[in-house]
Amino acid sequence: MKKAALSFCSLCLLGLSLSCYANGLDSSVRYFGQTAPGTLAIPFMPEHGSSSDWELGGQFSANLNEFYLVRKDYVPHEPSVIVYRKDGRDWQRHDFHRALSGDLDVLYSKKNYIEKTSSGWSLMKSLGPQFDREDWGIMRLSASANGTFVFDDWKNNDVIRISKVVKGKREAPKLLGTEINSGTWTAHPFIAHDESYIIWDSEREGGYGASDIYISFLQEDGRYGTAINLGAEINTPLTENGAFVTPDGKFLFFGRSEEKFRADGSSYWVGGKHWVDAQVIEKIRKKK
């Protein structure tokens, strides 16, 4: 299971600090021409789902007119940025090393990030000594609109930490409570733009099989509440992980994978990305 979490992390979509919202165009135009899903999850972008271009993850721009992928070139630490840009009802691929239009200025990858500049994308930068630690194993870091980070750590019993910005200063990362840090293979957190909930994946008693996707809502006392399984619309006996919500708040994306075995006893993982109407979250929010 740990291998599944690590391998899928290279494909998962990173949660980013985005505060503005899309409007106007229908979902079939916005999301690579695919018909929008309902409350039952379906595959998304199958022709790109296993592309090696997803090495450092990807993310929609806040206006949903562009989709960014970051790939490591052969030059150490120098990323290239691949953009799928909407052209009418179609999406066209572009490889960029110069400044880009759009409204996405930062891409996070584990303990590093890159920034858009007037001359192109910056080199990979470290988030600093609070995050660049050899004894921490960060697979995904997600940021809210206010700059709050949540991130996992596979080197220390698969825990999730949080780091807020208070009065302009970033606080040292702290472990989240047992409401989130319970079970096994706890990983791949995503924090809502307004910090009203955190989504992550874990194996827990009462789940549907392997890793399921859970959600915890922010309480009045500032803590995150009881973990809630997102249910059969999303979770199955297979491995679900790496969930995030699109900048317009309409859709939840996540990965679903299955371990396969060869004749020699070795194994490999097969899977892809899925999406579902984010109303599944709102239904849970109303019931809690």
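- For Ser267 against Glu259, the heavy-atom pair with the smallest separation is OG-OE2, 2.9 Å.
- A salt bridge between Arg140 and Asp152 is absent, with no side-chain N of the basic residue lying under 4.0 Å from a carboxylate O of the acidic one.
- Counting heavy-atom neighbours within 6.0 Å of Lys164 NZ, excluding the residue itself, gives a total of 12 or less.
- When hydrophobic clusters are built by joining Ile, Leu, Val, Met, Phe, Trp and Tyr residues whose side-chain heavy atoms come closer than 4.5 Å, directly or via intermediates, Leu40 is not grouped with Leu252.
- When only modelled atom types and interatomic distance are considered, Thr226 and Glu179 share no side-chain donor-acceptor pair under 3.5 Å.
- Ser216 places no side-chain N or O within 3.5 Å of a backbone atom of Ala227 that could act as its donor or acceptor partner.
- Leu238 and Phe253 are not part of a single hydrophobic cluster, where members link through side-chain heavy atoms under 4.5 Å apart.
- Using the six-membered ring where Trp is involved, Tyr108 and Phe149 have ring planes that are perpendicular, over 60° apart on the 30 and 60° scheme.
- Here the shortest heavy-atom pairing between Ile213 and Ala243 reads CD1-CB, 3.8 Å.
- By the 4.5 Å heavy-atom criterion applied to side chains, Asn235 and Leu230 are counted as neighbours.
- Side-chain contact between Val245 and Tyr197 is present, with heavy atoms from C-beta onward closer than 4.5 Å.
- In this structure, His274 has its ring center no closer than 6.0 Å to that of Phe44.
- Separation of atoms CZ (Phe254) and OG1 (Thr239) is listed at 12.0 Å; rounding is to 0.5 Å.
- Cation-pi geometry between Arg285 and Phe217 is not met: the NZ or CZ atom fails to fall both under 6.0 Å from the ring centre and inside 45° of the normal.
- Pairing each heavy atom of Gly38 with each of Val276, the nearest pair is O-CG2, 3.3 Å.
- A distance-only check finds a donor-acceptor pair linking the side chain of Lys155 to the backbone of Glu134 [under 3.5 Å].
- You'll find the side chain of His188 reaches within 4.5 Å of the side chain of Met139, heavy atoms only.
- Remark: Asp158 CG to Ser211 OG distance equals 9.0 Å, nearest 0.5 Å.
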Take Ile199 and Ile191 through the test side chain to side chain contact (heavy atoms under 4.5 Å, CB included) and record every step on the way to the result.
-> CA-CA 6 Å; Ile199 299 173; Ile191 188 169; over 6 Å; no
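- Residues Trp185 and Ser202 fail the side-chain proximity criterion, which asks for heavy atoms closer than 4.5 Å.
- Looking at Ile234 and Val280, their side chains come closer than 4.5 Å, going by heavy atoms from C-beta outward.
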Go through the steps to decide whether Arg262 and Asp264 satisfy the test salt bridge (charged side-chain N to carboxylate O under 4.0 Å, His left out), and finish with yes or no.
-> CA-CA 5 Å; Arg262 302 182 180 89; Asp264 62 3; 5.4 Å; no
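- To the nearest 0.5 Å, atoms CD (Gln34) and CZ (Phe251) are separated by 10.5 Å.
- Distance OG/Ser196 to CD/Gln219: 11.0 Å, rounded to 0.5 Å.
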Walk me through it: do Lys86 and Glu66 pass the test salt bridge (charged side-chain N to carboxylate O under 4.0 Å, His left out)?
-> CA-CA 6 Å; Lys86 184 178 67 61; Glu66 296 178 347; over 6 Å; no
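- Put simply, Ile284 and Phe190 are part of the same group of oily side chains (I, L, V, M, F, W, Y) that touch within less than 4.5 Å, one to the next.
- How far CG of Asp277 is from CD of Glu233: 11.0 Å, rounded to the nearest 0.5 Å.
- Note: the hydrophobic cluster containing Val165 does not contain Leu218 (ILVMFWY, side chain heavy atoms under 4.5 Å, direct or indirect links).
- A heavy-atom distance below 4.5 Å is found between the side chains of Thr186 and Asn181.
- Contact record, Trp275 with Thr35: CZ2-O, 3.4 Å, taken as the closest heavy-atom pair.
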Tyr214 and Asp201: side chain to side chain contact (heavy atoms under 4.5 Å, CB included), yes or no, with the steps?
-> CA-CA 6 Å; Tyr214 290 84; Asp201 43 89; over 6 Å; no
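- Here the CD1-CD1 distance, from Ile198 to Ile160, works out to 7.5 Å after rounding to the nearest 0.5 Å.
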Worked verdict on Lys260 versus Glu258 for salt bridge (charged side-chain N to carboxylate O under 4.0 Å, His left out) | CA-CA 6 Å; Lys260 299 284 188 178; Glu258 179 181 12; 3.6 Å; yes
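- A donor-acceptor distance shorter than 3.5 angstrom exists from the side chain of Glu240 to the backbone of Thr236, with no hydrogens or angles considered.
- Here Trp136 and Phe151 bring their ring centres to under 6.0 angstrom of each other.
- Between the side chains of Asp135 and Asn156, not a single donor N or O lies within less than 3.5 Å of an accepting N or O.
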Kindly indicate, with the supporting measurements, whether the criterion side chain to side chain contact (heavy atoms under 4.5 Å, CB included) is fulfilled by Thr39 and Lys283.
-> CA-CA 10 Å; Thr39 56; Lys283 288 180 181 179; 3.7 Å; yes
Check the pair Asp153 / Arg161 against salt bridge (charged side-chain N to carboxylate O under 4.0 Å, His left out), numbers first and verdict last.
-> CA-CA 8 Å; Asp153 178 5; Arg161 294 183 172 90; 2.7 Å; yes
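- Hydrophobic clustering keeps Ile215 apart from Tyr208 (ILVMFWY residues linked when any side-chain heavy atoms are closer than 4.5 Å, directly or through intermediates).
- No side-chain donor from either of Ser144 and Asn146 sits under 3.5 Å from a side-chain acceptor of the other.
- Looking at Pro247 and Leu64, their side chains come closer than 4.5 Å, going by heavy atoms from C-beta outward.
- Using a 4.5 Å heavy-atom threshold, the side chains of Val150 and Leu141 count as separate.
- A donor-acceptor contact closer than 3.5 angstrom links the side chains of Arg170 and Ser163.
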